[in-house]
Each structure stands twice: as structure tokens, then as C-alpha cells.
Asker: 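A single structure is presented below for examination.
Order of the sequence lines sets the chain letters (A, B, ...), proteins ahead of strands, with each chain counted from 1. Remember, it's a predicted structure, so these values are computed and weren't measured experimentally.
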Protein chains: 2
Amino acid sequence: MRPKNLEKEATLRTMALQIIAEEGLENLSMQKLAKAANVSPRTIYIKYENKEDLLIKLFIEEVLGNYEKAVLQNFNSDMDFAEGVQCLWQNAFAYLTNNRPHFALMQYGNSSPLLNKAFQQANIQQGDFFAPIHQFLEKQKAQGCIHHLPFDAQRAMLFSPLISLVSEYFDYATRDRQIITPDVLMACCNILIKGMLK
Amino acid sequence: MRPKNLEKEATLRTMALQIIAEEGLENLSMQKLAKAANVSPRTIYIKYENKEDLLIKLFIEEVLGNYEKAVLQNFNSDMDFAEGVQCLWQNAFAYLTNNRPHFALMQYGNSSPLLNKAFQQANIQQGDFFAPIHQFLEKQKAQGCIHHLPFDAQRAMLFSPLISLVSEYFDYATRDRQIITPDVLMACCNILIKGMLK
DNA sequence: TATAAGTAAATGAACGTTTATTTATATTTG
DNA sequence: CAAATATAAATAAACGTTCATTTACTTATA
């Protein structure tokens with residue numbers, strides 16, 4: 001039996017993310033992807049059921065999966081609040097700024113109904129995508145360190161500014177001076193921490 | 001001369017936003033839009049140069065334009081910090097939760113390269129999309145009320161959690177119980193205010 | 001060790017459909 | 001009539017997907 005060329009699948013995923021980042025999800029076609037990955041269009045259908053399947057796997061496995069791993073490095077739910085949040089922010093910022101294509105598809109998770117639905121289903125199936133963060137916040141709440149809020153509101157407060165700052169970071173990446181420096185990042189992080197602590 | 005049927009253009013914009021909200025930007029086609037608006041495809045091309053032109057005008061004029069108007073109601077840059085931010089948050093939340101299709105396209109501004117570019121150009125051309133907010137923040141900084149940060153970072157901190165909460169609001173709208181209540185909204189708003197004030 | 005059978009991987013060309021856009025024509029009003 | 005709006009029908013190009021076939025490698029047999 002002819003052995004699977006694992007490089008081909010990796011190239012497919014890399015090129016798909018690249019095209020999405022540069023031209024947008026709406027301009028990713030199967031034939032364009034095939035050409036970019038130096039592969040026959042038919043080959044994509046050996047590895048993925050159809051376009052939807054490809055996009056969902058890209059989003060869930062390649063983007064969210066790696067993001068979660070990166071964000072949780074050196075993090076544990078026993079850290080104190082400031083320490084924990086700073087760790088998460090630094091991990092996420094480093095990962096996202098170094099992986100622009102992943103970030104680009106991640107942003108589509110907030111707009112594309114297809115990816116949005118896929119995310120919610122993945123979230124339900126796996127219990128929690130970011131279980132350690134959930135635990136961390138619950139513990140902080142139980143200890144009376146932070147104000148009581150629904151988990152999803154807590155998450156929105158903690159992470160959406162970070163995502164927005166990464167977006168600004170890329171906007172400024174092409175200009176003469178970067179304004180989203182590590183100092184600015186940590187200043188923003190500390191503003192949040194101060195606001196959330198009782 | 002035959003008069004323009006203004007209702008047709010309004011219907012076109014409404015239906016375009018509706019399709020985008022329900023099926024995604026990637027599933028809006030000119031023929032689908034024409035059928036939904038009960039109009040010949042050619043008619044769209046009398047009112048818009050091409051698809052890009054339609055999308056950009058939808059985004060800039062219909063979505064961002066109305067959003068700006070709604071957000072700035074009863075706001076003025078002399079308000080004190082807490083009062084001003086609460087006013088902006090309440091305006092934005094009310095407008096967005098009552099205009100889901102507008103919100104849906106707005107979210108694509110963070111992902112689609114086409115809309116992203118259009119936004120940046122509009123921002124440059126018009127000087128500032130949200131000039132009163134800029135003034136407000138500058139005044140607060142000058143008075144030493146809030147920490148010094150680049151404007152774009154300040155804006156990310158102030159508004160991205162709000163957008164994220166609106167997103168959560170819609171996610172929960174179909175479930176049995178809404179968790180993003182006015183109380184939760186204001187609690188989040190106050191967390192930010194507390195964090196940003198010196 | 002040589003070779004033929006077996007098999008999944010991979011392909012190029014094609015399918016029918018849908019896309020954005022245009023041509024030629026009809027309709028509506030000053 | 002003149003002039004603009006609106007249309008139905010048509011266009012080539014691009015779309016997602018499939019067909020029939022070839023390629024490349026493993027394994028079983030002589």
C-alpha cells in the first residue's frame with residue numbers, strides 16, 4: 001500500500017490558513033487551495049469530507065486546539081489572581097502575534113455562522129475548552145477575591161481586550177512604530193486585574 | 001424622467017444584512033440578494049458599482065454610520081469618566097442588541113480583509129470616526145483621572161468587552177435564560193471604570 | 001532474491017451548478 | 001419624445017465535487 005504523505009496534509013492546512021489570512025475566508029476555494037498546496041483538488045477530498053469539514057477541522061483542531069495549549073502553558077488554577085491573568089495574557093499574546101494566520105481564522109469564529117456553530121458544539125462536547133480557566137475563576141470567586149459574575153461574562157471581560165489588542169498589534173505592524181508594546185500590554189492587563197479584584 | 005424607487009434600495013440593504021446575519025457573508029450572492037429583495041440582479045448594479053461597493057457601503061454607511069449615531073446620543077466629552085463610559089455602553093448595547101443584522105456585519109469588520117481595509121480608509125479619511133470619544137479620553141488623561149495609554153489601546157479596553165457581551169447576549173437569546181442582563185452589563189462596565197481610573 | 005498481486009494514495013480532467021456581471025429591451029415619468 | 005429606471009435573459013469564469021485512472025509502496029508467493 002502506498003504510504004500516506006503526511007507532509008501534504010500539513011501543507012494543505014498551512015496554505016489554507018495563509019489564504020484565509022491574506023484574502024479572507026470568502027476567497028478560499030478548493031481549487032485555489034489545491035494549487036497553492038501543489039496537490040490535486042481530488043486529494044483534498046481524500047483527507048476531508050468536504051469544504052465545511054475542512055474548515056471546521058482547521059478551526060477546531062488547528063486553531064483553537066493549538067491556542068488552548070499555548071495559553072495554558074505554565075498556568076495552573078491555584079495561582080493567585082494577578083499572577084494567573086498575567087500568565088494567560090502573556091501566553092496568548094505571544095502565541096497569537098507569532099501565528100497571524102491562526103489569529104485570522106480565529107477572528108472568523110465571531111462572524112461566520114458555520115464556525116460559530118462549530119465552536120459552540122465543540123464547547124459542549126468537550127465539556128469545557130478552557131476547563132482550567134473555569135476552575136481558576138471559580139476558585140477566585142469562592143475565595144471572595146473577585147466580584148461575582150456569570151462565567152461567560154467573566155471570560156468576555158478577561159479575554160476580549162487581549163484579542164482586540166492583538167488586532168491592533170497587527171494593524172500597527174506595517175506602520176513605522178508599534179504601539180502595542182509589552183509595557184502597554186501589561187498596563188492593560190493590570191487595569192483589568194485592578195477592576196476585577198474586590 | 002422616471003423617479004428612483006427609494007424603497008427598493010432600502011429593501012436591498014435590509015435583505016443584504018439579513019442574509020449576512022443568517023447565512024454569513026460568504027453566502028451572500030448578488031442573485032440571492034436580488035431574489036430576496038424582489039428585484040432583478042441588474043437593478044443592484046444601477047445602485048452599486050459592484051459587489052465590493054455594495055458591501056463597503058453597507059458596512060460603512062449602514063452599519064458603522066448608524067452605530068456611531070446611536071452610541072453618541074446624549075453623550076458629550078465633558079461628562080465625567082464614569083458617567084461618560086456608562087452612557088456609551090448603554091447606548092451601544094441597546095443599539096446592537098436591537099439590530100442583530102447590523103451587529104453581524106460589524107463583526108465581519110474584524111475578519112474580512114475587504115471590510116477591514118475599508119474601515120481603516122474610512123477612519124483616515126474622516127479624521128476620526130468617533131471624534132467625541134477621542135476628545136473625551138484626551139480630556140480625562142489631561143485631568144489625570146485615567147492612566148496614560150495609546151488611544152487605540154484605550155479604545156480596545158473600553159469597547160471590546162462590550163462587543164463580546166453583545167455576542168454572548170445573542171448566543172443566550174435562543175436558550176431558556178438570558179445571562180447578559182442590564183445588571184451584568186453595568187457590573188462589567190463598572191469593573192472597567194474602576195480599573196481605568198487612577 | 002525476484003516478482004506478481006493487492007491496496008490505499010494521489011491524480012488530471014471533467015461534471016453540473018452558481019457566480020458576478022452585461023447586453024438588449026421594456027417601462028415609467030417629466 | 002427624452003431620459004432614467006428596471007428588467008429578463010445571457011455571458012464567461014469559477015465554484016464544489018466526482019470519475020476513471022495511475023502511482024507507489026507492502027506483502028505473499030516461488
Asker: Tell me: OH of B:Tyr48 to P of D:dT5, nearest whole Å?
Answerer: 14 Å

Asker: Which of these passes salt bridge (charged side-chain N to carboxylate O under 4.0 Å, His left out) with B:Lys32: B:Glu22, B:Glu26, B:Glu23?
Answerer: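 Result for salt bridge (charged side-chain N to carboxylate O under 4.0 Å, His left out) with B:Lys32: B:Glu23.
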
Asker: On DNA chain D, nearest-nucleotide positions of A:Glu49 versus B:Lys47: which is more 5'?
Answerer: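 Of the two residues, B:Lys47 wins.
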
Asker: Taking side chain as C-beta onward, heavy atoms only, is B:His102 less than 4.5 Å from B:Met106?
Answerer: no

Asker: Is there side-chain contact between A:Asn38 and A:Met15, with at least one heavy-atom pair below 4.5 Å?
Answerer: no

Asker: With a 4.0 Å cutoff (strictly under), does any side-chain N or O of B:Ser29 reach OP1 or OP2 of C:dT19?
Answerer: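 Indeed, a polar side-chain atom of B:Ser29 lies that close.
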
Asker: For a quick check of understanding: with a heavy-atom distance under 4.0 Å over all strands, which category does A:Leu33 fall into, base, sugar-phosphate or nothing?
Answerer: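 Result for A:Leu33 = nothing.
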
Asker: Between B:Leu28 (CG) and C:dA20 (P), how many Å, whole number?
Answerer: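 Result: 7 Å.
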
Asker: Let me know the distance between CE of A:Met30 and C1' of C:dT18, rounded to the nearest Å.
Answerer: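 Value for this atom pair: 16 Å.
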
Asker: Atom NZ of B:Lys51 and atom P of D:dA13: how far apart are they, to the nearest Å?
Answerer: 19 Å

Asker: Classify the ring geometry between B:Phe103 and B:Phe170 as parallel (under 30°), tilted (30 to 60°) or perpendicular (over 60°).
Answerer: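 Correct class here is tilted.
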
Asker: Whole angstroms only, please: what is the CD-C1' distance between B:Glu26 and C:dT18?
Answerer: 16 Å

Asker: Over how many whole Å does the gap from B:Leu55 atom CG to C:dA20 atom C1' extend?
Answerer: 12 Å

Asker: Looking at every non-hydrogen atom in both residues, tell me the closest pair between A:Lys194 and B:Lys198 and how far apart they are.
Answerer: NZ-C, 4.1 Å

Asker: Give me the distances for all protein-to-nucleotides 11-15 of chain C N/O pairs that come in under 3.5 Å?
Answerer:
| unit_1 | atom_1 | unit_2 | atom_2 | d |
| --- | --- | --- | --- | --- |
| C:dT11 | OP2 | A:Ser40 | N | 3.4 |
| C:dT11 | OP2 | A:Thr43 | OG1 | 2.4 |
| C:dG12 | N7 | A:Ser40 | OG | 2.9 |

Asker: Rounding to a whole Å, what distance do you find between B:Glu7:CD and C:dT28:P?
Answerer: 16 Å

Asker: May I ask you to decide if the ring planes of B:Phe93 and B:Tyr169 are parallel, tilted or perpendicular, using 30° and 60° as cut-offs?
Answerer: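 Aromatic pair B:Phe93/B:Tyr169 classed perpendicular.
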
Asker: Return the minimal non-hydrogen interatomic distance between B:Leu17 and B:Glu62, and the atom names on each side.
Answerer: CD1-CG, 3.9 Å

Asker: How close or far is atom P of D:dG16 from atom OH of A:Tyr45, stated in whole angstroms?
Answerer: 6 Å

